[in-house]
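Residues take their numbers from the sequence shown, with the count starting at 1.
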Amino acid sequence: MKIRKNLVSILVPLASVLLAFLIGAIIIASLGSNPISAVGYLFQGAFGKANNIASTLVKATPLIFTGLCACFAYRCGVFNLGGEGQFIMGSIATCWVATTWGIEGPGATLLCLLFGAVAGGLWGAIPGILKITRGLNEMIVSIMLNYVATLFMGLLYTSVLREGNVPQTAAVPDATQLQRIFPDLRVTWGIVIALAVAAVVQYFLFSTSKGFQLRAVGLNMTAAEFNGFSVKKYILYSFIVSGALAGLGGSVELLGTQYRLISGYAVGYGFDGVAMALIAQLNPVATVVVAYFFAVLRTGANTMQAGTGVPTSVIGIIQALVIVFAVAGTALVKLPHIRQWLSNHLEKKGEVK
């Protein structure tokens with residue numbers, strides 16, 4: 001049964017990607033370009049040179065963190081749509097420590113990462129507290145808090161922490177920035193932190209008793225409560241941890257890539273993370289893979305446009321189709337007659353083997 005479930009979890013995202021690329025190929029062909037050539041340029045832009053590979057890893061890093069944020073919360077049965085706000089609050093805390101405390105070096109870097117995670121966790125706790133105490137819808141509250149965080153960031157880089165006449169904050173000192181893994185490539189130790197965090201989340205959710213209890217709450221809150229689980233505690237816990245994951249991602253992004261707060265910072269990362277988690281069937285390791293796949297699309301889009309004239313918006317269409325097909329496929333698989341057909345089909349396959 002477990003093998004069948006895992007197989008379906010792999011087949012649904014894979015089929016979604018193939019269908020999205022098929023429709024994308026039709027769109028490209030209708031624009032008068034060769035789909036095979038366009039895909040070739042796409043992957044050349046992502047993997048053609050070492051710098052391209054490094055750029056892909058850089059783009060994947062924030063998506064991994066916001067994807068893990070959504071994944072952790074959804075496993076507890078709550079919907080944290082505030083990953084972007086938590087990401088931004090982590091960046092704000094990091095910027096404040098890095099640019100105003102007058103400390104530099106590896107110790108300052110670790111302190112910035114800690115403050116980023118704490119800030120994200122505290123921001124994530126707000127919808128959790130309002131849900132368990134007042135019964136408010138966490139989706140609405142967390143989305144609204146995204147705008148609050150964005151506007152608060154705007155206040156900081158235009159007035160309180162503004163640098164000179166330019167609406168931006170001062171840059172993180174060189175000694176405090178996350179160092180590059182290879183001197184000539186853009187990729188920093190941030191990607192290593194992201195992969196390590198994903199491994200920890202995977203282990204916690206699927207290899208510890210607390211992780212089992214959290215997932216049990218997500219599967220059936222009523223049954224979990226009758227079995228003595230503190231449902232409200234786990235709901236609040238999931239919001240705090242998921243917020244901390246996003247906040248840590250914001251800290252890594254600021255220290256390793258952006259270096260300063262500015263208009264347009266972190267736009268879309270939160271909702272992208274929700275998409276990653278859903279496509280990955282709420283599996284942390286699979287979320288990393290999906291985040292990397294989306295980063296490949298985004299890195300190669302410009303090369304595809306330069307080589308074939310196909311606009312980068314086509315990649316946006318393919319990304320949206322992957323999300324739609326993945327969500328629709330997951331919903332279809334859960335229908336009783338579809339699930340029974342899949343079960344019977346897989347059993348026959350096993351008998352033939």
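A heavy-atom distance below 4.5 Å is found between the side chains of Phe294 and Ile279. The closest side-chain heavy-atom distance from Thr61 to Val252 is below 4.5 Å. Counting only heavy atoms from C-beta outward, the side chains of Ile262 and Pro167 never approach each other to under 4.5 Å. The shortest distance between side-chain heavy atoms of Ile318 and Ile23 does not fall below 4.5 Å. Looking at heavy atoms from C-beta onward, Leu151 lies out of side-chain contact with Leu155 at the 4.5 angstrom threshold. Counting heavy atoms from C-beta outward, Val290 and Leu63 have side chains that stay 4.5 Å or more apart. By the 4.5 Å heavy-atom criterion applied to side chains, Glu138 and Leu130 are not counted as neighbours. At least one side-chain heavy atom of Leu31 sits less than 4.5 Å from a side-chain heavy atom of Pro311.
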Criterion side chain to side chain contact (heavy atoms under 4.5 Å, CB included) on Cys71 and Val201, from CA distance to verdict: CA-CA 9 Å; Cys71 182; Val201 173; 5.7 Å; no
Stepwise side chain to side chain contact (heavy atoms under 4.5 Å, CB included) check, Thr303 with Leu42: CA-CA 6 Å; Thr303 303; Leu42 176 71; over 6 Å; no
Derivation and outcome, side chain to side chain contact (heavy atoms under 4.5 Å, CB included), residues Gln86 and Leu145: CA-CA 9 Å; Gln86 294 144 21; Leu145 286 173; over 6 Å; no
Evaluation steps, side chain to side chain contact (heavy atoms under 4.5 Å, CB included), between Arg162 and Gln168: CA-CA 5 Å; Arg162 181 170 179 162; Gln168 63 183 21; over 6 Å; no
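In this structure a side-chain-to-backbone donor-acceptor pair under 3.5 Å is missing from Ser37 to Asn34. Remark: side-chain polar atoms of Ser30 are paired, donor with acceptor, to backbone N or O of Ile27 under 3.5 angstrom. Of the possible polar contacts, one joining the Ser238 side chain to the Ile235 backbone as a donor-acceptor pair under 3.5 Å is found. For the pair Asn80 (side chain) and Phe239 (backbone), a donor-acceptor distance under 3.5 Å is absent. Side chain of Ser33 to backbone of Ala29: no donor-acceptor contact under 3.5 angstrom is found. Of the possible polar contacts, none joining the Asn52 side chain to the Gly48 backbone as a donor-acceptor pair under 3.5 Å is found. With hydrogens and angles ignored, the 3.5 Å screen pairs no side-chain donor or acceptor of Gln305 with any backbone N or O of Ala301. Between the side chain of Glu163 and the backbone N or O of Leu161 there is no donor-acceptor pair closer than 3.5 Å. Although no hydrogens or angles enter the test, the distance criterion places a donor-acceptor pair under 3.5 Å between the side chain of Ser142 and the main chain of Met139. Proximity of a side-chain donor or acceptor of Thr109 to a complementary backbone N or O of Thr176 within less than 3.5 Å is detected.
Using a 30° and 60° split on the angle between ring planes, Phe204 and Phe72 fall in the parallel class, below 30°. Under the 30°/60° scheme for interplanar angles, the aromatic rings of Phe47 and Tyr292 are found to be tilted.
Under 3.5 Å, the side chains of Ser91 and Tyr265 contain a donor-acceptor pair of N or O atoms.
Within a 6.0 Å radius of CZ in Phe206, other residues, nucleotides and ligands contribute more than 12 heavy atoms. More than 12 heavy atoms of other residues, nucleotides or ligands shown are found within 6.0 angstrom of CE on Met221. At most 12 heavy atoms of other shown residues, nucleotides or ligands fall within 6.0 angstrom of atom OH in Tyr41. Sparse packing is recorded around NZ of Lys49, with 12 or fewer heavy atoms of other residues, nucleotides or ligands lying under 6.0 Å away. The environment of CD1 in Ile36 is sparse: at most 12 heavy-atom neighbours from other residues, nucleotides or ligands sit within 6.0 Å. Heavy-atom neighbours of Lys131 NZ from other residues, nucleotides or ligands within 6.0 Å: above the threshold of 12.
Contact between Ala171 and Arg260 at its shortest, heavy atoms only, is CB-NH2, 3.3 Å. Between Cys112 and Ser251, the shortest heavy-atom contact is O-OG, 3.2 Å. For the residue pair Met89 and Ala119, the shortest heavy atom distance occurs at O-CB, 3.6 Å. Considering every non-hydrogen atom in both Leu245 and Leu68, the closest pair reads CD1-O, 3.7 Å. Taking each heavy atom of Val172 and Gln177 in turn, the nearest pair found is O-NE2, 2.9 Å. In terms of heavy atoms, Thr299 sits closest to Lys59 at OG1-CD, 3.2 Å.
Separation of atoms CZ (Arg215) and OH (Tyr234) is listed at 11.5 Å; rounding is to 0.5 Å. Note that CD of Glu104 is 8.0 Å distant from CG of Asp174, once rounded to the nearest 0.5 Å. The CZ atom of Phe21 sits 8.5 Å away from the CD1 atom of Ile28 when rounded to the nearest 0.5 Å. The distance from the OG1 atom of Thr188 to the CD1 atom of Ile193 is 7.5 Å, given to the nearest 0.5 Å. Put simply, OH on Tyr237 and OG on Ser242 are 10.5 Å apart, with the number rounded to the nearest 0.5 Å. Residue Leu113 holds its CG atom at 6.5 Å from OG1 of Thr94, rounded to the nearest 0.5 Å.
Residues passing the salt bridge (charged side-chain N to carboxylate O under 4.0 Å, His left out) test with Arg298, sequence neighbours excluded: Asp272.
Leu22 and Ile315 sit in two unconnected hydrophobic clusters of ILVMFWY residues. Membership requires side-chain heavy atoms under 4.5 Å apart, directly or through other members. The cluster map of Ile, Leu, Val, Met, Phe, Trp and Tyr, joined by side-chain heavy atoms under 4.5 Å apart, puts Ile88 and Trp96 in different clusters. Note on Val17: it clusters hydrophobically with Val314, by side-chain heavy-atom contacts below 4.5 Å among ILVMFWY residues. Cluster membership for Val288 and Trp189, using ILVMFWY side-chain heavy atoms within less than 4.5 angstrom, is shared. In the hydrophobic clustering of this structure, Val322 groups with Phe43; members are Ile, Leu, Val, Met, Phe, Trp, Tyr whose side-chain heavy atoms approach within less than 4.5 Å, directly or through other members.
Checked against a 6.0 Å centroid threshold, the rings of Tyr74 and Phe79 count as neighbours. A distance below 6.0 Å separates the ring centres of Trp101 and Phe115.
Applying side-chain contact (heavy atoms from CB on, under 4.5 Å) to Thr169 and the options Leu261, Thr158, Thr100 leaves one that passes, Leu261.
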